[in-house]
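In what follows, a single structure is set out as structure tokens and then discussed.
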Amino acid sequence: MEAVIIGVGLHPFGRFPGKSAMDMAASAVRAALADAGVAWPQVQAGYVGSLEVANPDAIVGRLGLTGVPLRGVFNGCATAGTALAMAARVIETGEHDLTIAIGMDKHPRGAFAADPSVAGLPAWYGQTGLFLTTHFFGMKINRYMHDHGITERTLARVAAKNFRNACGNDRAWRRTPLSVEEILASPVLNYPLRQYMYCGPDEGAGAVVLCRADQAHRYGGRPVRLRGCALRSRRIGAFEVQSPSLPVSEHAPSPTVDASREAYEIAGIGPQDVAVAQLQDTDAGSEIIHLAENGLCKDGEQERMIADGETEIGGRLPVNTDGGLIGNGEPIGASGLRQIHELVLQLRGAAGARQVPGSPAVGYAHLYGAPGVSAVTILSR
Amino acid sequence: MTTGQQIPVAEGLFTWPSDEPRLIGAQCVRCGLVVFPAGTDTAACQRCGGTEVSEKLLSDRGTLWTFTTQNFRPPGPPYDGADTAETFQPYAVGYVELPGEVMIEARLTEPDPARLAIGQQMRLAIVPYSVRPDGTEILTFAFTPQAAAAREA
């Protein structure tokens, strides 16, 4: 049985002093339920993810103690991909008719400061200043620029686009436009990446309500089809985050490539069909690399594509139309549900000022993060 | 004031003290995969799942595969440099390919990206990265551009 999305809800992303992650999530869930036209007691099962909240399933205390099986899930930056895939899976297997995926987080300011042991790494790796995921992003794009002729200006163009798109999104965090020149003048944090080329950890929540496709007519709104979900972890030989060493004898693509191919295959949809994409833009370089890793262009084509405005709203392949991570920040548990929220609005034709013209029919969402895990979700009208 | 004492940040990372220090890696007895650091007793080979490894001293020379810089003081803990946000000196980090062996993620002794290049020849160096209140220097491994290494020698 196919699962469809009938409701989406998003608490704005940003900084909300005094407001808990769980309160933000409760507000996102209420918005998603209202969007779907259902009440909380009708929800038969759910999956909820968070990095900072140890018991995100405690949200039932704010929504209603119905006894609903609500399971906690976590896959780093790909957490929301897992929550959505599991919520769909229990509909596909026939176990449940109406389910929910929830994500929430509230991170302290600044770079993540975890102990390396949380990622199975030795203490010295953190003591000597190597345990920073941002090093990986800097090193991967540096090599990519060297191999494929991508320039620093293209990095800045991507960031400028995402800030510009965020300006059209009243739920986004960073709604101040920044020019390519301003971005190129910001301090280098991890060469070649500059301050305004990075997303920051912040706060927010999202929720998505799903039901059996053959029951969608009972609820309000226009259902969006969930065509394929895939999650893959790194294979040996992939150039991956948090790796004290990597083999020289063999090479494998990023888990993004594996998850992408699997999702296209499940969906029976190819990259040429994608009308709007949400790609993990932890930094501007990541968006550039992920365009190719998700099959949306060839390596090196990004230099021309981005200069020609192809990834702008109104371009051939709009990317991160709501501002992406650069414009919204990254509350880890919720980030992927923000992507789904945006795609659902775009496929419904309800994205307002930032609506992609031409009634987009296929939306593509991609997540990537430590310790080398990627989730891809493909939606269609 | 310094006691002149130097200690490695962790045991088993590199041969020390030594005039020609080497990183201590491990090689899977079954499939030959080389990894660094040698790891824990419970780690299985990432390629074949084998659990028997032999110690392998790694080459002290290689080529720079990629690099970046760290331009702000990393959050500490876990970082335990003796510096502060004000006294912090940027450093570079890269992957150095030891031919036929393994790629190593390491600090680079040259912090200026304009003086680093992909493909450059690099050589292992053991360097202090922090100092304890009693003056004891904490050592870690790093790679240095080989032309620079030759100049210093």
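Only heavy atoms go into these numbers, but all of them, side chains included; no hydrogens, no water, no symmetry mates.
- Between atom SG of residue B/C31 and atom CD1 of residue A/I236 there is a gap of 7.0 Å, rounded to the nearest 0.5 Å.
- Taking the side chain as every heavy atom from C-beta outward, B/I104 and A/L246 never approach each other to under 4.5 Å.
- A/S249 touches chain B through its side chain: at least one heavy atom from C-beta onward sits under 4.5 Å away, while N, CA, C and O do not.
- Between A/L132 and B/P75 the shortest side-chain heavy-atom distance falls below 4.5 Å.
- Residue contact with chain B, scored on non-hydrogen atoms closer than 4.5 Å, is absent for A/A123.
- Side-chain contact check for B/Q70 versus A/N190: some heavy-atom pair is nearer than 4.5 Å.
- Nearest heavy-atom pair, B/T68 versus A/H135, reported as atom, atom and distance to 0.1 Å: CG2-O, 3.5 Å.
- Of the inter-residue distances, the one linking B/I118 atom CD1 with A/M139 atom CE reads 11.0 Å to the nearest 0.5 angstrom.
- In this structure, the separation between CD on A/Q195 and CG on B/N71 is 11.5 Å, given to the nearest 0.5 Å.
- There is no contact between A/F137 and chain B, counting heavy-atom distances below 4.5 Å.
- Of the atoms belonging to B/L13, it is side-chain heavy atoms, and not backbone ones, that fall under 4.5 Å from chain A.
- With rounding to the nearest 0.5 Å, the separation of OG in A/S243 from CD in B/E105 is 7.0 Å.
- Relative orientation of the B/F36 and A/W124 rings is tilted, given thresholds of 30° and 60° on the angle between their planes.
- In this structure, A/R143 contributes its side chain and B/W65 its backbone to a donor-acceptor pair below 3.5 Å.
- A/E250 approaches B/L33 most closely through the heavy-atom pair OE2-CD1, 4.3 Å.
- Residue B/T66 holds its OG1 atom at 11.0 Å from NZ of A/K140, rounded to the nearest 0.5 Å.
- When heavy atoms are compared at a cutoff of 4.5 Å, B/T140 approaches chain A solely by way of its side chain, counted from C-beta outward.
- Interface with chain A: from residues 78-96 of chain B, residues B/P78, B/Y79, B/D80, B/G81, B/Y91, B/V93, B/G94, B/Y95 qualify, criterion being any non-hydrogen pair under 4.5 Å.
- For B/F67, the parts lying near chain A are the backbone and the side chain together; criterion is any non-hydrogen pair under 4.5 Å.
- If you measure heavy-atom distances from A/F239 to chain B, the contacts under 4.5 Å come from the side chain alone.
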